[in-house]
Amino acid sequence: QVQLVESGGGLVQPGGSLRLSCAASRIISSTYAMGWYRQAPGKQRELVATITSGGRSYADSVKGRFTISRDNAKNTMYLQMNSLKPEDTAVYYCAADTNLMDLLLRTGYWGQGTRVTVSS
């Protein structure tokens, strides 16, 4: 089984930036689909961004502000978050699966989550 460990969350002021990291416990094939979800208090978990060998995708709410990337040599995925807004406040989770369809179905591997708070 693959274990995913997230880091990089914290408190940031509106307009600020954070970079989240998700490290895998073992090598994940470069063909794996990976992504970030988030869950705000009282809300459902929502998809933020995905990355596959075919490209990247983003939720409309973060498009233009967030960038997803991965370093296959380090078995690590990143989420660069810029121009943060209070509504970005949530627990952010990384996820991985063998294909994009299953990633979207939330059937694969998950990190423990890292909390992001955007507040002045």
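- In this structure, the side chains of Met101 and Leu104 stay at 4.5 Å or more apart for every pair of heavy atoms.
- Take Tyr37 and apply the ring-ring contact (aromatic ring centres under 6.0 Å, His included) test, not counting sequence neighbours, and it matches Trp110.
- Geometric assessment of Arg38 against the ring of Tyr93 yields a negative cation-pi assignment under the 6.0 Å and 45° thresholds.
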Query raised in the report: Can Arg65 and Asp88 be said to form a side chain to side chain contact (heavy atoms under 4.5 Å, CB included), step by step?
Result: CA-CA 11 Å; Arg65 300 187 297 120; Asp88 295 318; 2.7 Å; yes
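- In this structure the side chain of Tyr92 never reaches within 4.5 angstrom of the side chain of Gln39, judged on heavy atoms.
- Taking OG of Ser17 as the start and CD of Gln80 as the end, the distance is 6.0 Å to the nearest 0.5 Å.
- Here CG of Leu79 is found 8.0 Å from OG of Ser69. Values are rounded to the nearest 0.5 Å.
- No more than 12 heavy atoms of other residues, nucleotides or ligands lie within 6.0 Å of CD in Gln44, so this atom counts as exposed by the packing criterion.
- When the salt bridge (Lys or Arg N to Asp or Glu O under 4.0 Å) test is applied to Asp97, no partner is found at least two apart in sequence or on another chain.
- The number of heavy atoms from other shown groups lying within 6.0 Å of CZ (Arg106) is above 12.
- Contact annotation: the side chain of Pro14 approaches that of Pro86 to within less than 4.5 Å [non-hydrogen atoms, C-beta and beyond].
- To the nearest 0.5 Å, the span separating CE on Met77 from CG on Leu20 amounts to 9.0 Å.
- A donor-acceptor distance shorter than 3.5 angstrom exists from the side chain of Thr76 to the backbone of Lys74, with no hydrogens or angles considered.
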Query - side chain to side chain contact (heavy atoms under 4.5 Å, CB included) between Thr31 and Ser53, intermediate numbers included - result: CA-CA 6 Å; Thr31 63; Ser53 60; 5.5 Å; no
Requested in this report: Let me see the working for Trp36 and Cys22 under side chain to side chain contact (heavy atoms under 4.5 Å, CB included), right down to the final yes or no.
Outcome: CA-CA 9 Å; Trp36 291 91; Cys22 175; 3.8 Å; yes
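- Between Arg26 and Val2 the shortest side-chain heavy-atom distance falls below 4.5 Å.
- Tyr78 and Arg19 share no side-chain donor-acceptor pair at under 3.5 Å.
- Counting all heavy atoms, side chain and backbone alike, Ile68 lies closest to Gly35 at CD1-CA, 4.0 Å.
- Interatomic distance, Ile51 CD1 to Met34 CE, rounded to the nearest 0.5 Å: 9.0 Å.
- By the rule that hydrophobic residues join a cluster once side-chain heavy atoms approach within less than 4.5 Å of another member, Val118 and Val91 end up as members of separate clusters.
- With no hydrogens or angles considered, no side-chain donor-acceptor pair links Asn72 and Ser30 at under 3.5 Å.
- When atom types are taken as modelled, the side chain of Gln112 and the backbone of Glu6 share a donor-acceptor pair closer than 3.5 angstrom.
- Just one of Val48, Leu47, Thr67 meets the side chain to side chain contact (heavy atoms under 4.5 Å, CB included) condition when paired with Tyr58; it is Thr67.
- Between Ser61 and Lys85 there is no side-chain heavy-atom pair separated by less than 4.5 Å.
- Between Leu18 and Gly8, the closest heavy-atom pair is CD2-O, 3.8 Å.
- A donor-acceptor pair under 3.5 Å is absent between the side-chain atoms of Gln13 and the main chain of Ser120, judged by distance alone.
- The OG1 atom of Thr107 sits 7.5 Å away from the CG atom of Asn99 when rounded to the nearest 0.5 Å.
- Taking every heavy atom of both residues into account, Tyr32 and Ala96 meet most closely at CD2-CB, 4.4 Å.
- Residues Leu100 and Thr50 form a side-chain contact, since some pair of their non-hydrogen atoms from C-beta on lies under 4.5 Å apart.
- Within the 4.5 Å cutoff, side-chain heavy atoms of Phe66 are placed close to those of Leu84.
- Considering only heavy atoms from C-beta on, Val116 comes within 4.5 Å of Met81 through its side chain.
- Remark: the backbone N or O of Thr117 is not paired with any side-chain donor or acceptor of Thr89 at under 3.5 angstrom.
- Atom CD of Gln3 sits in a sparse spot, with 12 or fewer heavy atoms from other residues, nucleotides or ligands closer than 6.0 Å.
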